[in-house]
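A note on names: the letters A, B, ... follow the listed sequences, proteins ahead of strands, and every chain is numbered from 1.
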There are 4 protein chains.
Amino acid sequence: MRIKDTEKHEALFQAAVKVVNEIGFASSSVSKIAREAGVSPATLYTYFANKEDLLVSTYMKIKQELSKEAMKKIDDDMPIRDCFKQVWINYFEFATTHRDYSVFAEQFANSPYNEKVDLVQFEKMFEPIGRLVRRGIEMKIIKNVNPDVIGAFVFYPVLILTNPRLCRNFKITEEQIQASFQLAWDAIKL
Amino acid sequence: MRIKDTEKHEALFQAAVKVVNEIGFASSSVSKIAREAGVSPATLYTYFANKEDLLVSTYMKIKQELSKEAMKKIDDDMPIRDCFKQVWINYFEFATTHRDYSVFAEQFANSPYNEKVDLVQFEKMFEPIGRLVRRGIEMKIIKNVNPDVIGAFVFYPVLILTNPRLCRNFKITEEQIQASFQLAWDAIKL
Amino acid sequence: MRIKDTEKHEALFQAAVKVVNEIGFASSSVSKIAREAGVSPATLYTYFANKEDLLVSTYMKIKQELSKEAMKKIDDDMPIRDCFKQVWINYFEFATTHRDYSVFAEQFANSPYNEKVDLVQFEKMFEPIGRLVRRGIEMKIIKNVNPDVIGAFVFYPVLILTNPRLCRNFKITEEQIQASFQLAWDAIKL
Amino acid sequence: MRIKDTEKHEALFQAAVKVVNEIGFASSSVSKIAREAGVSPATLYTYFANKEDLLVSTYMKIKQELSKEAMKKIDDDMPIRDCFKQVWINYFEFATTHRDYSVFAEQFANSPYNEKVDLVQFEKMFEPIGRLVRRGIEMKIIKNVNPDVIGAFVFYPVLILTNPRLCRNFKITEEQIQASFQLAWDAIKL
DNA sequence: GATGAATGAGTGTTCATTCAT
DNA sequence: CATGAATGAACACTCATTCAT
C-alpha cells in the first residue's frame, strides 16, 4: 500500500488558506481547495473527514502556530511590560508576515464553523498569555479588568492595524509599531 | 407606473440581515432571503441588480445607520473627552442593540464583497468622527497618531466586547462599559 | 410566471418507473430519471421535495391505481366467490398489463424507502378488499385466518405468476389464469 | 503460496448480508462491506472479482443453504403430504431464523443482479423439491399444474408470512404455522 | 497475500439568475 | 410589477476499482 503523504496533508492546509484568501470563505469549495493542492477532491477525504474538519483543522493549526510564536523571546524574569511588549510585537510580526493566516482566521472566526472549535484545546494554547495577564494584575501593574477586555484593547487592534483593507492609510514602520504599542500599553497599565 | 414598493425593499434588507445571522454568510442564498422577505426570488431582482448589490446595499445601510447613531447627543461645545465618550457609548449601544447588524457587518467586511463598497461614500459617513479626532489632536488632547490607529484602539474593540462569541466571560453592565471606555480613552489621550 | 406543468409531473412519474425497470432500483439516480423525463435534475426538485419524495409518491400512485382497478366490476350483491375471483382477475390483469409498475413496486417494497409510506393512507386504499375478506369470514365462506394470511396466499402469488423472471416456464393463458385462481380459492375457502 | 483465507471469505459473505440488511441494497457499498468484514476494500478483490461477484456469490450461498435445509428430515417413503409439510416447515423455519438471509435474498432477487445467477446451478439445487412435486402429480395427490404455480402458492407465501414488514398483524405461533400450512396444502391438493 | 492511498465518475441537492406569463 | 418555473453549473461527498508498497 501507498504510505500516507504528509506533504499532501500540509499542501491541503496551505491550499485551504490560499483559496480562502483569494476568493473568500463563502466561495471556497472543497474541489477548489483540492485542485489548488494538486489532488483529487476524493483524495482530500482520506486526509480530512469532511469540509468542516478541513477548515477547523486549518484554523487550529494557525492558532497553534500563532500561540507558539507569541511566546518567543519571553523570559519569566523580564519585567511585565517588556513581556507584554514582546508578545505584542511577536503577534504583530506574525500577523504581518502571515497575512494569509490572519485573513483565514478572521473569516473563519466570523463564520458558523467557529462554533465547532474545541474550546478546551483552544484555551490551553493561549494559557501562557492568560497567565501573563493575571500576573500583571496581581502585581498591580495592569488594570484589574476581565481578560477578554485586555484582549480586545491590546491584541485585537493588531489584527486591525495589520489589515491593509481596514487600515488603508496606516503604513507599517518600526516607528509606527512602537507608537502603536504605546497606545496598547497606556490602555491597560494602571 | 406604481413606485417600487419601499416596504418590500425594506423587507429584503431585514431578511438579508436575518438570514445571514441565522445561517451564516456562506449558506445564505438569494432564494432563502427572498423567502424570508415573503417575495419571490424573481421579485428581488427588481429591487437589486444581483446578489452582490443586495449584500453591499444592506451593508451600506447598516453603516449609514451606525454613523448616524454614533453622532447622537454630540454637541460641538462639549469637551473633547465627553464627545469621544458619547460616540463610544453610542457605538457600544448600537452594537449591543443591533447584534444582528454587527454580525452581518463583520461577516461582510471579512468577505471579498467588502471590496465593492464605495469608499468615498463610506468615508463621507464617518467624516464627523474623523473631524473629532483631528480636533483632539490639534488641541493636544489626544495622541498625534494616524486616525486608523485611533479607530483600531478605540472603536474596533467595541465590536469584540459586544460579541458574545468572542468575549465569552465578559458580561455587559454599566460598570463594565465605563471601565472599558477608560481603557479606550487611556490608550489615546496624551 | 410559467405555470406548473402537470405533464412534467406525470413524465417524472413515468420516468421513475421506466428507469427503475431498466436499470434497477439501486442504480436509479435522480439525474437519470430527470434525463429520461426530459428535464434538468434541478427541475425535478420543483415537483418533488427530494429523491425519497419522488420514489414514495410514485409508489403510492401505483398502489392507488392498483387499488382502484382491483375493485372494478365488483357488485355488492355478487356471491363472495365471484367477488374474490373478479378482484383476483383484476389484480392479475393489472400486474400483467403494467409489468413495469409491478417491478417498481416490488423493488420499492424491498427497499428501506418502504418504511416511509403513510400506512394510514395505504390501508385506506385497500380497505374495500379488507371488507370483502371480513364479509367472507363472517359468512363462513372463507377460512377464519388473519387477513395477512389471505393476502399471502391469494394476492401475493399473483405477483409471482406474472413475473416472468421468477416464473420462467409459466405461460399466461386464459386457461392457466382460471386454473391458478382455483388454487387461490381452494387455499382460502372453508 | 498460502491458501486464501477461508475465514475472510466467510466474513465477507456475512458482512455483505449484514450491511444489506442494515442499510439496504442501494446504499451498500464495497467499502462498507469490507469494513464490516474487517478487511481492506482491496483485499475484498482477492476473494471476489468485483461487487457483482460478491453479491451473486452471497445470494447463491444463501440459496444453497436454504435448499439443503429444506430437505431435512425428509424420507422418500413418507407420504407425499408429510413430505410437503416437512419441506414447508423447514422453509418457514429457515426464513424465520435467518431473517437477514431472506431480506438479502429478496432485495437481490428484485434487482438486476438477479439475471447474473447461473440458472443451471440454481435449478439443480431445487431439483429435489421439483422431484417431489412431480411425484405428487403422478400420484394424483396434488393438482397437475405448472411447478412454478406450486411454488407461487406454497413456498412464496412463506416469504410473505415471515416478513414482519409485509405482515404487520400476523404473529408467528405454532398454531398459526399449522393453520397456514393448511392453506398451502388446500391450494395444491387434488 | 494484504493494504490504505488514490481517483474519475458519479451521487443527491442547491445555486444565482432568467424567462414566460 | 410580480411571480414560480426552469436551468447549467456548482456544491459536498461517495462510489467501485486500481495501484504501489
Task: Partner set under side-chain contact (heavy atoms from CB on, under 4.5 Å) for C:Ala11, not counting sequence neighbours - done: C:Ala37
TODO: Keeping to residues at least two apart or across chains, list the salt bridge (Lys or Arg N to Asp or Glu O under 4.0 Å) pairs with something in residues 108-122 of chain C.
DONE: none
Task: Those residues that, when tested against B:Phe104, pass ring-ring contact (aromatic ring centres under 6.0 Å, His included) (two or more places apart) - done: none
Task: Upstream residue (5' side of DNA chain E) when A:Ala42 and C:Glu52 are each assigned their closest nucleotide - done: A:Ala42
Open item on the list: Using a strict heavy-atom distance below 4.0 Å, which residues from residues 26-38 of chain A are in contact with DNA chain F?
Closed with: A:Ser28, A:Ser29, A:Val30, A:Ser31, A:Lys32
- [ ] Enumerate the residue pairs fulfilling side chain to side chain donor-acceptor pair (under 3.5 Å) with a member in residues 104-114 of chain C, sequence neighbours excluded, ordered by first and then second residue.
- [x] none
- [ ] Kindly express the pairing pattern of DNA chain E in dot-bracket notation, using | wherever a base pairs with another strand and counting only Watson-Crick or G-U pairs under 3.5 Å.
- [x] .||||||||||||||||||||
Open item on the list: Going by salt bridge (Lys or Arg N to Asp or Glu O under 4.0 Å), name the pairs with one or both residues in residues 24-37 of chain B, residues two or more places apart or in two chains.
Closed with: B:Lys18-B:Glu36
Expected list for residues 58-66 of chain B: side-chain donor-acceptor pairs under 3.5 angstrom, two or more places apart:
residue: B:Thr58; atom: OG1; partner: B:Leu54; partner atom: O; Å: 2.7
residue: B:Lys61; atom: NZ; partner: B:Glu10; partner atom: OE1; Å: 3.4

Task: Donor-acceptor pair (no angle test) under 3.5 Å: D:Thr46 side chain, E:dG1 base - done: no
- [ ] Just jot down the side-chain hydrogen bond (donor to acceptor under 3.5 Å, both in side chains) partners of A:Ser57, sequence neighbours excluded, or say none.
- [x] A:Asp53
- [ ] Kindly state which residues belonging to residues 16-24 of chain A come within less than 4.0 angstrom of DNA chain F, counting heavy atoms of the residue only, listed by number.
- [x] none
- [ ] Check whether any side-chain N or O of B:Tyr45 sits under 4.0 Å from OP1 or OP2 of F:dC1, and answer yes or no.
- [x] no
Open item on the list: Under the rule for side-chain hydrogen bond (donor to acceptor under 3.5 Å, both in side chains), what residues qualify as partners of A:Ser31, not counting sequence neighbours?
Closed with: A:Ser29
Task: Non-neighbouring partners of D:Val30 that pass side-chain contact (heavy atoms from CB on, under 4.5 Å), sequence neighbours left out - done: D:Leu44, D:Tyr45, D:Lys51
